[in-house]
Colleague: 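Mind having a look at this structure? Questions to follow.
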2 protein chains.
Amino acid sequence: MSGMSDVKCSSCTLGSCAIYTLSSNELEDMELNTCQAGYSKGEIITKQGTPLNSVIYLRSGFVKEFMWHESVADQVIQLIKPRSYIGLKGLYTNSSSVFSYQAITNVEVCFIEKEVFGRIVRGNGNFGQEILIALSKESISNHKRFLNLNQKQIFGKVAGLIIYLSEEVYESSLFELHLKRAELAHMIASTRESVTRALKWFHNEGIIQMKKNTVSIEQMERLSEIAKRG
Amino acid sequence: MSGMSDVKCSSCTLGSCAIYTLSSNELEDMELNTCQAGYSKGEIITKQGTPLNSVIYLRSGFVKEFMWHESVADQVIQLIKPRSYIGLKGLYTNSSSVFSYQAITNVEVCFIEKEVFGRIVRGNGNFGQEILIALSKESISNHKRFLNLNQKQIFGKVAGLIIYLSEEVYESSLFELHLKRAELAHMIASTRESVTRALKWFHNEGIIQMKKNTVSIEQMERLSEIAKRG
DNA sequence: AACAGAATGTGATATATATCACACCTTATT
DNA sequence: AATAAGGTGTGATATATATCACATTCTGTT
């Protein structure tokens with residue numbers, strides 16, 4: 001967790017849509033109860049079970065939301081893209097984090113105290129609306145992954161995963177894979193080896209191109225066909 | 001879709017937590033833009049792709065959220081319990097429904113125009129907060145099912161499904177299965193036959209008891225052990 | 001540059017479960 | 001009561017993929 005020069009919320013260029021709805025008073029309220037931090041690739045931001053009295057705003061970088069599951073290997077729930085809130089869904093539950101969050105690139109975040117956050121939601125319906133929108137979008141995005149898991153064949157699941165990463169996370173047909181094979185596998189209830197084989201096959205067929213860890217989708221049509229039919 | 005005598009929002013005994021935050025003006029606004037309906041078991045409430053300019057409030061009964069997926073059989077996303085909002089996550093997206101909703105018992109619902117709903121959210125932060133809470137809870141509940149799918153063995157998945165139904169939907173260790181075997185299977189990416197076998201085995205082991213379509217969880221410990229370890 | 005450790009690729013095999021085929025049961029309809 | 005139709009139970013078989021074991025490549029550190 002590396003230090004960094006603090007940016008005021010009011011002058012932040014990486015803020016959420018939501019903060020544009022805030023009055024200067026509200027903004028100041030938030031500023032006073034927010035603290036900024038940087039993490040480098042690989043660092044854990046919060047661990048499940050740990051107290052967490054903040055909503056975390058991801059200014060830049062990508063974060064992995066996951067759980068360490070008893071016997072089973074870690075389960076990756078989703079990847080979070082920059083300019084989104086982390087752990088919003090925990091805002092109104094208990095004070096300890098349900099999930100763990102890890103920086104998968106270098107990352108800048110802000111910790112906003114839950115209490116202030118809630119106060120502002122209650123006081124400013126427009127802010128609430130924006131948060132509601134954010135949460136809805138996350139929810140729908142997760143549903144897509146969910147549906148993908150109902151696909152039985154791994155090739156279909158891997159194809160769906162690539163599409164998810166491209167559309168919901170990296171928002172580009174060209175992106176770097178920040179997760180290793182085993183983690184990708186854990187996102188679709190499969191194994192490292194099976195993911196390797198699927199990616200290799202897609203590559204050989206010219207459906208995607210992979211050099212190093214950079215994926216480029218070449219034939220989206222075929223890819224989504226595979227994601228649908230298996 | 002059977003008719004029924006209309007209840008005013010202000011005198012509704014089956015309202016959400018959220019509506020208790022409303023002023024009488026807001027309540028009236030809602031009343032004027034809400035219409036009530038009843039469906040009987042099996043009826044489709046909304047079909048995916050169909051225009052939907054309302055948030056639907058489920059006063060009583062249970063509803064299945066699902067998609068008809070191209071080649072593949074229907075995919076059940078979740079079951080919705082009474083006194084919750086249906087399609088909240090679609091409030092701020094497009095005007096056509098992403099999912100289909102079917103009554104799996106007799107059901108009473110209210111259609112509240114999205115526009116009014118949004119207006120009230122913006123005007124009343126406390127209402128917004130309650131909606132946010134509802135959405136968060138739904139989100140977390142779905143995450144649990146999600147994690148369960150990452151379980152590879154069917155016995156584990158079926159066990160997890162039973163726990164989900166008991167804890168998140170029916171809120172009792174004794175409940176009636178409103179879904180048929182094939183639909184249960186579609187919730188966990190498995191098959192009718194495998195679900196049959198798993199349930200049979202649980203029954204024989206005395207972990208659950210099943211008569212007709214009523215399930216009673218007898219040994220929660222073992223069930224959750226199976227859900228965890230497979 | 002050399003090394004160690006991690007991550008990834010690859011083939012052979014085992015195995016869980018999907019699939020198939022059919023029997024049985026339940027429910028509704030005539 | 002008889003019939004039909006939808007749902008469920010059950011065994012035999014096929015098959016996709018997990019598992020295993022090892023080779024290869026990549027990564028960062030001394």
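So you know, we letter chains A, B, ... as the sequences are listed, proteins then strands, and number each from 1.
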Colleague: Counting any heavy atom closer than 4.0 Å, what does B:Lys212 reach on the DNA or RNA strands: base, sugar-phosphate only, or nothing?
Modeller: sugar-phosphate

Colleague: Hey, do the aromatic rings of A:Tyr170 and A:His178 have their centres closer than 6.0 Å?
Modeller: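 Ring centres of A:His178 and A:Tyr170 closer than 6.0 Å.
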
Colleague: Measure distances between side-chain N and O atoms of A:Arg197 and base N and O atoms of D:dT19, and say whether any donor-acceptor pair falls under 3.5 Å.
Modeller: yes

Colleague: Of the candidate nucleotides C:dG9, D:dG7, D:dG9, which contains the atom at the shortest distance from the side chain of B:Arg192?
Modeller: D:dG9

Colleague: Using whole Å, what does the distance between atom C1' of nucleotide C:dT17 and atom CG of A:Asn150 come to?
Modeller: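 Going from A:Asn150 (CG) to C:dT17 (C1'), I get 16 Å.
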
Colleague: B:Asn213 CG to D:dG9 C1': how many Å, rounded?
Modeller: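 Going from B:Asn213 (CG) to D:dG9 (C1'), I get 14 Å.
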
Colleague: Rounded to the Å, how far apart are A:Lys200 NZ and D:dT25 P?
Modeller: 11 Å

Colleague: Can you identify which nucleotide, out of D:dG9, D:dT19, C:dG9, has its nearest atom closest to the B:Arg181 side chain?
Modeller: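 Of D:dG9, D:dT19, C:dG9, D:dG9 is nearest to the side chain of B:Arg181.
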
Colleague: What's the NZ-P distance between A:Lys180 and C:dG5, to the nearest Å?
Modeller: 16 Å

Colleague: Do A:Glu168 and A:Lys81 sit within salt-bridge range, that is, some charged N less than 4.0 Å from a carboxylate O?
Modeller: no

Colleague: For a quick check of understanding: with a heavy-atom distance under 4.0 Å over all strands, which category does A:Glu193 fall into, base, sugar-phosphate or nothing?
Modeller: base

Colleague: Below the 4.0 Å mark, does C:dT17 have OP1 or OP2 next to a side-chain nitrogen or oxygen of B:Gln153?
Modeller: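 Indeed, a polar side-chain atom of B:Gln153 lies that close.
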
Colleague: Is the distance between the ring centroids of A:Phe155 and A:Phe202 under 6.0 Å?
Modeller: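 Yes, the ring of A:Phe202 comes within the 6.0 Å limit of the ring of A:Phe155, centre to centre.
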
Colleague: Under 6.0 Å between the ring centres of B:Tyr101 and B:Tyr39?
Modeller: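 Here the rings of B:Tyr39 and B:Tyr101 have centres that are no less than 6.0 Å from each other.
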
Colleague: Considering only side-chain heavy atoms of A:Ser194, which listed nucleotide, D:dT17, D:dT10, C:dT10, is closest?
Modeller: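 Ranking D:dT17, D:dT10, C:dT10 by closest atom to the A:Ser194 side chain puts D:dT17 first.
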
